[in-house]
There are 2 protein chains.
Amino acid sequence: MQKLYIIKIGGNVLDDETALATFLKDFANIQYPKILIHGGGKIATKIGHQLGIESNYINGRRITDEPTRDLVTMVYGGLINKQIVTQLQAHQCNAMGLTGADGNVIKATRRPVGEIDFGFVGDIVPKDVNTSFLYFLLKQNIIPVFAPLTYSPEHGILNTNADTIASVLAVALSKHFQIRVVYCFEKKGVLADIENETSVIKNIDSKAYAELLEQKVLFDGILPKLENAFDAIQNGVNEILIGSASDLSKNMGEETEGTLIKK
Amino acid sequence: MQKLYIIKIGGNVLDDETALATFLKDFANIQYPKILIHGGGKIATKIGHQLGIESNYINGRRITDEPTRDLVTMVYGGLINKQIVTQLQAHQCNAMGLTGADGNVIKATRRPVGEIDFGFVGDIVPKDVNTSFLYFLLKQNIIPVFAPLTYSPEHGILNTNADTIASVLAVALSKHFQIRVVYCFEKKGVLADIENETSVIKNIDSKAYAELLEQKVLFDGILPKLENAFDAIQNGVNEILIGSASDLSKNMGEETEGTLIKK
């Protein structure tokens with residue numbers, strides 16, 4: 001099966017013009033089929049502030065009321081997405097910007113109201129990914145660039161976490177490709193010692209993961225990322241790489257700067 | 001050759017939620033290959049105002065400085081475009097939102113600085129349209145929905161008039177399709193008497209156009225639309241329909257509510 005790289009970047013890259021420009025040049029240079037997913041960063045909050053739309057969080061999660069939904073549609077789906085597509089085109093990378101609505105590529109369900117109403121937030125599962133459409137774009141050397149937005153016919157555009165989009169796309173496409181998901185974040189990789197920026201654990205398989213959990217070595221913040229990663233691995237994704245955006249070109253092969261997670 | 005409808009809507013529809021909803025339902029029901037181009041309407045100016053970005057016009061044309069360029073990218077390319085795509089998907093119309101940057105579908109040149117610097121405005125010609133990519137989408141029953149934005153590798157996203165995008169797409173695609181461009185505006189058609197809303201001139205060919213110009217019957221505001229229309233006709237477009245968005249479903253055939261322009 002052919003390789004596919006699904007690469008996700010977040011605020012630490014998006015909020016830094018120079019880091020983003022370097023990253024996009026490296027991304028454009030990857031000589032394999034690839035998909036980019038971007039998050040949102042601080043700019044939506046900043047623009048929201050100017051528009052009188054305040055960001056509300058409960059348990060660390062953003063409540064997406066209607067004004068907020070329009071805000072993220074504009075900023076994630078318009079401003080950030082098209083700036084990225086345009087920069088990639090300037091590097092001769094034939095990028096196409098997408099939300100889940102475009103080409104019906106990811107249909108979501110609006111998160112049901114429980115104790116908290118999160119508003120216009122979309123939950124997604126692999127079977128709701130239009131894999132044939134993505135396969136068909138990739139075959140034409142068109143590079144999908146996803147904003148963190150999905151949709152439902154009943155509720156319109158929905159806010160969906162970029163990490164989730166990356167892993168759900170990966171599981172869905174694992175039938176067609178040998179996939180490495182690359183999660184770019186602010187560290188060089190999963191650190192054995194949070195105080196030591198260079199203490200990257202280069203490889204983690206299920207056995208090593210169980211041991212690390214037992215030893216309680218890992219920093220709390222990394223646990224959801226690892227749980228998510230092993231879940232995707234169980235569902236057919238070949239490999240997950242967690243590392244720094246600035247190391248992108250060094251995280252494509254067998255030898256990596258970041259942490260490579262396998263079965 | 002197969003028929004293709006290229007349909008353009010502007011502020012009078014976009015600024016009216018009910019009119020837009022009705023229009024999109026009618027558009028979704030058209031049983032032919034079709035492309036939608038939308039303009040911007042008042043919402044960009046309104047949001048710009050809240051962000052402290054004032055609209056500057058010279059000779060009736062908007063100056064697109066960098067903040068304005070970001071504003072229209074957000075509002076036209078994000079908010080309006082994705083709202084339209086989502087509404088169409090809800091009607092089972094497999095829409096895909098596009099700017100000129102996506103899939104390199106319309107490459108533009110930034111308008112050179114003459115006496116006036118219009119800023120980030122893009123000029124386009126038919127040869128810069130990626131017709132094979134559009135043909136390939138249409139063959140899959142994917143319906144392109146264009147925001148009024150193009151791009152250049154050197155300058156990024158550029159502001160381009162929606163009417164211009166409609167006619168340039170039409171000329172470019174006239175090799176592959178028998179095209180009717182439908183320009184929706186606030187009147188029922190080209191009026192013989194501007195004071196009489198029902199005085200629609202049903203058909204205008206080159207001969208009739210020359211006569212109408214001589215008689216000085218036509219309202220000034222319609223002249224650029226007609227000049228543009230006949231220019232497209234000279235360049236291979238089959239027909240142009242100028243009429244009301246609310247008459248869309250009645251403007252698809254030989255008999256029309258609006259004004260049908262042919263060679």
To the closest 0.5 Å, what do you measure between [atom1] ([X]) and [atom2] ([Y])?
| X | Y | atom1 | atom2 | answer |
| --- | --- | --- | --- | --- |
| A:L51 | B:K46 | CG | NZ | 10.0 Å |
| B:T73 | A:Q83 | OG1 | CD | 7.0 Å |
| B:D102 | A:T86 | CG | OG1 | 7.5 Å |
| B:I43 | A:D70 | CD1 | CG | 7.5 Å |
| A:Q140 | B:S132 | CD | OG | 8.5 Å |

Toward chain A, the part of B:I142 with a non-hydrogen atom under 4.5 Å: side chain
Segment of A:E154 engaging chain B (4.5 angstrom heavy-atom cut-off): neither
Toward chain B, the part of A:F133 with a non-hydrogen atom under 4.5 Å: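 Side chain of A:F133 only, per the 4.5 Å heavy-atom cut-off to chain B.
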Atom CD of B:E186 with >12 non-hydrogen neighbours under 6.0 angstrom: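 Enclosed: over 12 neighbouring heavy atoms sit under 6.0 Å from CD of B:E186.
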Flag if over 12 foreign heavy atoms under 6.0 Å of CZ, A:F136: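 Yes, CZ of A:F136 has more than 12 neighbouring heavy atoms, counting only those of other groups under 6.0 Å.
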Top contributor to chain B contacts, counting heavy-atom pairs under 4.5 Å, from A:V75, A:V105, A:I157: A:I157
Between B:G103, B:P153, B:G77, the one whose heavy-atom pairs under 4.5 Å with chain A are most numerous: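 Maximum pair count with chain A is reached by B:G103.
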Chain A interface, residue from B:H91, B:Q89, B:Q87 that has the most non-hydrogen pairs under 4.5 Å: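 Of the candidates given, the most pairs with chain A belong to B:Q89.
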Residues of residues 92-101 of chain B with any heavy atom under 4.5 Å of a heavy atom in chain A: B:N94, B:A95, B:M96, B:G97, B:L98, B:T99, B:A101
Shortest non-hydrogen separation from A:I47 to B:M74 and the atoms involved: CD1-SD, 3.7 Å
